[in-house]
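Keep in mind that the numbers below use all heavy atoms, side chains included, and drop hydrogens, waters and symmetry copies. A quick note: this is a predicted structure, and the numbers were derived from the prediction, not measured.
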Amino acid sequence: MSNEHIILVTGATGKVGRRLTARLAEAGHTVRGVSRSTEIRFDWHDESTWAAALAGVTAAYLIPPDEPFPAAGIVAAAEQAGVKRLVAQSGRRIHVLAEAVGAGPETIGMYALQEAVQASGLEWTVLQANNFNQNFSEGDMLPAVLAGELFLPVDDTVEPFIDVEDIAAVAVAVLTGDGHHGKTYELSGPEALTFPEAVDAIAEAAGRAVAFQNVTAGEYAAALRAEQLPEDLVFFLDAMYRIMREGKIGDVADGVEQVLGRKPTAFADWAKRAAAEGAWSA
């Protein structure tokens, strides 16, 4: 694809979006990063914001919210705007999560978008990623890491955490290269780690004491309710960790290697890099 073409990246201020936007710009592509706070405003729930975001775009990377939104509508709007290529970010084996919560695709944003993109007449690719390494350094688990103790209801399950930089690199390849139409890539890191192993790698890299404590699903739900999280979110997280405990997404995927021709970044290597960048500096 020509560098003259505009590539749209939604969620441009998030973990994947900001890295992808930077990589595309560094490679000389014209990129339009949008979110609810950018100059060209984009809101999944506000159809009046879609036309300006899509104007002149030939390829789009779509990072959807978890909650329902008009997924078929945004795909139709993209097609009407002349977009040729859509890449949707989804969760690995999202259908298993939907089954666990007793919901259809339309009730989970990324699942609905995945289905809509795959049903479109455009060039499409879906990237299904495991849990991000960066959840420990930029996301929900960062406060617990900084406090020195992380507790989750995961038993001895393993998770092949993935470096968001690898997701962004794959996204650049499928947005700007050929041969990816009609493909769904599962993305994970190169090894499956227990949560204690992951926390130990972070502690060693950061030079700080961090402990991991396994708790029951009931104890975790009670802690979330004590923080006054919405009940539907408590239910969703309970289902997600149940799937992980059952090993439904614990195997290593080869999507990164398929697209990039290299192994994904090892968790310990990522932890050293993140520590050097000050991720856990108090």
Side-chain angles (χ1 to χ4, degrees), residues 1 5-21 23-25 29-95 97-98 101 103-129 132 164 167-168 170-176 180-187 232-233 236:
M1 299 183 72
H5 298 163
I6 299 173
I7 300 176
L8 177 72
V9 178
T10 70
T13 57
K15 297 183 188 73
V16 177
R18 70 174 186 273
R19 290 173 170 87
L20 174 55
T21 300
R23 282 175 176 264
L24 288 167
H29 298 280
T30 302
V31 57
R32 178 183 295 157
V34 296
S35 70
R36 285 179 294 182
S37 61
T38 50
E39 185 176 351
I40 298 178
R41 183 172 173 271
F42 178 84
D43 188 331
W44 290 99
H45 303 284
D46 184 355
E47 296 183 27
S48 69
T49 66
W50 296 354
L54 291 165
V57 168
T58 53
Y61 189 78
L62 306 176
I63 307 175
D66 293 331
E67 70 273 7
F69 65 93
I74 187 65
V75 171
E79 192 164 8
Q80 185 175 10
V83 178
K84 304 300 181 186
R85 179 175 297 179
L86 293 177
V87 181
Q89 182 174 301
S90 186
R92 192 165 177 213
R93 297 173 191 158
I94 189 65
H95 65 284
L97 178 58
V101 299
E106 71 283 351
T107 63
I108 301 176
M110 65 178 69
Y111 195 4
L113 181 66
Q114 172 182 303
E115 295 270 291
V117 166
Q118 290 173 329
S120 75
L122 304 178
E123 291 184 35
W124 63 264
T125 309
V126 173
L127 304 184
Q128 296 182 326
F132 302 164
V164 169
I167 301 174
V170 170
V172 170
V174 299
L175 282 166
T176 62
H180 305 289
H181 170 52
K183 295 186 178 180
T184 297
Y185 294 109
E186 293 190 19
L187 309 179
D232 58 348
L233 179 57
F236 184 86

Exercise. For atom CD of Gln80, decide whether the heavy atoms of other residues, nucleotides or ligands shown that lie under 6.0 angstrom number more than 12.
Key: no
Quiz item: Trp44 vs Phe69 aromatic rings, parallel, tilted or perpendicular, using cut-offs 30° and 60°?
Solution: tilted
Self-check item: salt bridge (Lys or Arg N to Asp or Glu O under 4.0 Å) assessment of Lys84 paired with Glu123
Solution: CA-CA 6 Å; Lys84 304 300 181 186; Glu123 291 184 35; over 6 Å; no
Quiz prompt | Residue pair Ile7 / Thr176, side-chain heavy-atom distance below 4.5 Å | solution = yes
Self-check item: Summary of side-chain hydrogen bond (donor to acceptor under 3.5 Å, both in side chains) pairs that have at least one residue in residues 103-113, sequence neighbours excluded
Solution: none
Quiz item: Within a strict 4.5 Å, meaning less than it, do heavy atoms of the Thr125 and Leu175 side chains meet?
Solution: no
Quiz item: Quick one: does Phe236's side chain get under 4.5 Å of Leu97's, heavy atoms only?
Solution: yes
Exercise. Apply side chain to side chain contact (heavy atoms under 4.5 Å, CB included) to the pair Leu24 and Tyr61, showing each step before the final yes or no.
Key: CA-CA 11 Å; Leu24 288 167; Tyr61 189 78; over 6 Å; no
Practice problem: For Ser120 and Val117, indicate whether the former's side chain and the latter's backbone hold a donor-acceptor pair under 3.5 Å. | Solution: yes
Quiz item: Counting only N and O atoms by type, is there a donor-acceptor contact under 3.5 Å from the side chain of Arg19 to the main-chain atoms of Ile167?
Solution: no
Quiz item: Are any non-hydrogen side-chain atoms of Phe42 and Leu8 less than 4.5 angstrom apart?
Solution: no
Exercise. Please lay out, stage by stage, how Leu113 and Val126 fare under the test side chain to side chain contact (heavy atoms under 4.5 Å, CB included).
Key: CA-CA 10 Å; Leu113 181 66; Val126 173; over 6 Å; no
Quiz item: Does atom CZ of Arg36 have more than 12 heavy-atom neighbours from other groups under 6.0 Å away?
Solution: no
Quiz prompt | Heavy-atom side-chain contact between Gln128 and Met110 under 4.5 Å | solution = no
Exercise. For Trp50 and Asp43, indicate whether the former's side chain and the latter's backbone hold a donor-acceptor pair under 3.5 Å.
Key: yes
Quiz item: Do Thr184 and Gln114 have a side chain donor and acceptor closer than 3.5 Å?
Solution: no
Quiz item: Between Val57 and Ala59, what is the shortest heavy-atom contact and its length?
Solution: CG1-O, 3.1 Å
Exercise. Look at the side chain of Thr10 and the backbone N and O of Ile63, then say whether any donor-acceptor pair between them is shorter than 3.5 Å.
Key: yes
